[in-house]
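Since the structure comes first, as structure tokens, the remarks are kept for the end.
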Amino acid sequence: MQDSRTAAVSMRNITKTFGTIVANNKVDLDIYRGEILSLLGENGSGKTTLMNMLAGIYYPDEGEIFIDGKPVQISSPKDAYNHGIGMIHQHFKLVNVFTAAQNIVLGMDTDQDGKHISKGKLDIDTPSKRIREICDAYGFDVNPDQKVYDMSVSQKQTVEIVKALYRGAEILILDEPTAVLTPQETEKLFTVLRNMRADGKTVVIITHKLHEVEAISDKVAILRKGEYIGTLITKETNAQEMTNMMVGREVKLNIDRPEPHDVKPRIEVSGLTVRSSDGLLKLDDVSFTANAGEVLGIAGISGCGQKELLEAIAGLQEIESGEINYVEDDGSRSSLIGVDPVEIEAKGVQLSFVPEDRLGMGLVANMDLADNMMLRSFRFGKGAFTDRKSPHKLAEKVVKDLEVVTPSIETPVRRLSGGNVQKVLVGREIERAPSVLLTAYAVRGLDINASYTIYDLVNQQKDRGVAVIFVGEDLDVLLELSDRILVLCGGKVSGIVDGRTADKNGVGLMMTKLGGEAVG
């Protein structure tokens, strides 16, 4: 696709390697002012690496970067800001005990007008005034005096964007900006981005969510296996074409939701109350039933008790009060409260748990794929020798079935991309043939193709009578995949809705306001 204008950014022949891994291979990319560009690609296609070079995090092995037609060298984030480029990463770079204004000016010697702002004691009044001007211009809602630890995820993200604009960014890069936002917060963000575009600024969004690409972007650039495939005008393409270009072949783009059969209670939770180690109430009188042969989706803003809920069922979280019962096929019940996870398994209760923290709780980073498979079966006191053949075969099967990109099954999992680490973890848990499958953000960081593979695996588990509890952050997916959706708001049950008839905006309201307007 040709454009006669001079690009705000031109990247030519950009190549970046990490050891034997080629992250970007001779990539050419043009980014124009006053446009919103979506950057798409599978896991490991080089999207974030490419933008990290533009933002000064990495330096290319080969190639050139041009700003407004002039060659530049960007060796640090400071260089990037000097050229009007700012990047908002998935993990925010904020100091929790500082205010919004303090975070925004942190590390700066001068403001945009060249005036010193850090001589002796910082005068925060002048930066605060400028921050309010930026917020008024684009529609941000930021209190410069609010402490970061009192902010929602959406507010923290807003502070990061305002910080970039305060430092003079005309080209803004956002890496998976809607990953943990409600539909209402996402639309609010998109309104701000449209206002920025109208003001002539340039926005690049790295995302996996095709419906958001269609809603917000003017153009979409696609990478595949580190190489640039092409740029499309968004209004002239569709999700199917974009996905096919990303993957290099035809991909099915619908989530099947087979009708449940032989539905019966499997996990009964009643009055569950959980506090964190520092005494904060995480779950407040939570009650529900997870049925065999169904997918129960769990929706909620990040940090509303999803993690604690799954850990409590898995026997990893101390509870203050309430009951968790496992229901056998004959209707008999056994309590899981205070029972060691090993004893739970010994009872024949096969709980498979995909935790939110992949490398903190799920896998050991320095161990290879086969040994991480063995973690689930290894027990002390079972003899002098361990069975290494079965985990080895399981690792090979997971790599083949889920298309894990790895040099070998002897590779430490810390050397895999985030998406491939997730595949290893999900594959291991599903292969255990559980009766209850607990998943927290099973497709977080996965590309379209891999995500749909996981959805198919979840439905296979449902079809064989597994009770699936699926914590997700993408409401569109939850509404397509789940039979029922339990909505958490501040640790309480805001409501339980039918996945087939629930309204996305209604569920979003329930996530932010107890009961919302969609209970029923």
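Considering only residues two or more places apart in sequence or on other chains, T234 meets the side-chain hydrogen bond (donor to acceptor under 3.5 Å, both in side chains) condition with S217. Residues passing the side-chain hydrogen bond (donor to acceptor under 3.5 Å, both in side chains) test with S270: none are found, sequence neighbours excluded. Residues passing the side chain to side chain contact (heavy atoms under 4.5 Å, CB included) test with T243 are L210, M246, V247, V251, L253, I448, sequence neighbours excluded. With sequence neighbours left out, the side chain to side chain contact (heavy atoms under 4.5 Å, CB included) criterion links T512 to T182, I301. Take F190 and apply the ring-ring contact (aromatic ring centres under 6.0 Å, His included) test, not counting sequence neighbours, and it matches no residue. Remark: D463 engages no residue in a salt bridge (charged side-chain N to carboxylate O under 4.0 Å, His left out) (not counting sequence neighbours). Scanning for ring-ring contact (aromatic ring centres under 6.0 Å, His included) contacts around Y58 gives F18, with sequence neighbours left out. Evaluation of the side chain to side chain contact (heavy atoms under 4.5 Å, CB included) rule for N25 yields T15, V22, E227 as partners, not counting sequence neighbours. For R224, the side-chain hydrogen bond (donor to acceptor under 3.5 Å, both in side chains) criterion is met by no residue, not counting sequence neighbours. Applying the salt bridge (charged side-chain N to carboxylate O under 4.0 Å, His left out) rule to D483 yields the partners K462, R500; only residues at least two apart in sequence or on another chain are considered. Partners of L394 according to the side chain to side chain contact (heavy atoms under 4.5 Å, CB included) rule, which considers only residues two or more places apart in sequence or in another chain, are M373, V398, E431. Scored by the side-chain hydrogen bond (donor to acceptor under 3.5 Å, both in side chains) test, S332 finds D330 as partners (sequence neighbours excluded).
Proximity of V497 to V507: side-chain heavy atoms (C-beta onward) are separated by under 4.5 Å at one or more points. Within the 4.5 Å cutoff, the side chain of M242 has heavy atoms near those of the L232 side chain. V436 has its side chain within reach of Y326: a pair of non-hydrogen atoms, C-beta onward, lies under 4.5 Å apart. Taking the side chain as every heavy atom from C-beta outward, L402 and Q422 never approach each other to under 4.5 Å. Side-chain contact between T439 and V426 is absent, with no heavy-atom pair separated by less than 4.5 Å. Residues I31 and L54 are in side-chain contact: their nearest non-hydrogen atoms beyond the backbone lie under 4.5 Å apart. The shortest distance between side-chain heavy atoms of N291 and P265 falls below 4.5 Å. Put simply, the side chain of V274 does not reach to within 4.5 Å of the side chain of E311, judged on heavy atoms.
Heavy atoms from other residues, nucleotides or ligands lying under 6.0 Å from NZ of K156 number more than 12. Other residues, nucleotides and ligands place no more than 12 heavy atoms under 6.0 Å from the NZ atom of K397. Within 6.0 Å of CZ on R415 lie no more than 12 heavy atoms contributed by other residues, nucleotides or ligands.
One N or O on the side chain of S152 and one on the backbone of Q155 form a donor-acceptor pair closer than 3.5 Å. Judged by distance alone, the side chain of R333 and the main-chain N or O of G331 form a donor-acceptor pair under 3.5 Å. At distances below 3.5 Å, at least one donor-acceptor pair connects side-chain atoms of T202 with backbone N or O atoms of Y32. Counting only distance, with no hydrogens or angles, the side chain of T237 and the backbone of E241 share no donor-acceptor pair below 3.5 Å. At distances below 3.5 Å, at least one donor-acceptor pair connects side-chain atoms of S494 with backbone N or O atoms of M510. Of the possible polar contacts, one joining the Q157 side chain to the P177 backbone as a donor-acceptor pair under 3.5 Å is found. Not one N or O on the side chain of K47 forms a donor-acceptor pair closer than 3.5 Å with the backbone of L223. With E160 contributing its side chain and K93 its backbone, the two residues share a donor-acceptor pair below 3.5 Å. Panel note: side chain Q306, backbone G300; a donor-acceptor pair is recorded below 3.5 Å. Between the side chain of K209 and the backbone N or O of T178, at least one donor-acceptor pair lies under 3.5 Å.
Between the OG atom in S276 and the CD atom in E318 there is a gap of 11.5 Å [rounded to 0.5 Å]. Residue T231 holds its OG1 atom at 6.0 Å from CG of L29, rounded to the nearest 0.5 Å. Here the NZ atom belonging to K188 is positioned 4.5 Å from the CG atom belonging to D141, to the nearest 0.5 angstrom. For the atom pair CD1 of I324 and OG of S335, the computed distance is 7.5 Å after rounding to the nearest 0.5 Å. To the nearest 0.5 Å, atoms NZ (K492) and OG1 (T273) are separated by 8.5 Å. A distance of 11.0 Å separates CD1 in I216 from OG1 in T207, rounded to the nearest 0.5 Å.
The shortest non-hydrogen separation linking A314 to L438 is CB-CD1, 4.0 Å. When all heavy atoms of P434 and V466 are compared, the pair lying nearest together is O-CG2, 3.1 Å. The two residues N372 and M367 have their closest heavy-atom pair at ND2-O, 3.1 Å. Heavy atoms only, all atoms of each residue included: A312 and L272 are closest at CB-CD2, 4.1 Å. Considering all non-hydrogen atoms of both residues, L478 and A299 come closest at CD1-CB, 3.8 Å. Between L283 and G305, the shortest heavy-atom contact is CD2-O, 3.4 Å.
A salt bridge does not link R275 to D284: none of the charged nitrogens lies less than 4.0 Å from a carboxylate oxygen. At a threshold of 4.0 Å, the pair D218-R197 counts as salt-bridged, since one of the basic side-chain nitrogens sits closer than that to a carboxylate oxygen.
Tested against L369, the residues V421, L363, N420, V399 include a single side chain to side chain contact (heavy atoms under 4.5 Å, CB included) partner, V399. For the pairing with K219, the salt bridge (charged side-chain N to carboxylate O under 4.0 Å, His left out) check across E35, E236, E214 returns one residue only, E35. Residue D256 is tested with L481, V458, N459 for a side chain to side chain contact (heavy atoms under 4.5 Å, CB included); the sole match is N459.
Between T48 and D175, the side chains place a donor N or O and an acceptor N or O closer than 3.5 Å (distance only, hydrogens not considered). Using a 3.5 Å distance cut-off with no hydrogens or angles, the side chains of D456 and Q460 do not pair a donor with an acceptor.
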* Asked: Where do D329 and R266 land on the side chain to side chain contact (heavy atoms under 4.5 Å, CB included) test, with the steps shown first?
  -> CA-CA 8 Å; D329 287 341; R266 183 65 74 208; 2.7 Å; yes
* Start with the C-alpha gap between D368 and R414, add the side-chain angles, then the distance that decides, and say whether salt bridge (Lys or Arg N to Asp or Glu O under 4.0 Å) holds. => CA-CA 9 Å; D368 64 28; R414 62 178 168 78; over 6 Å; no
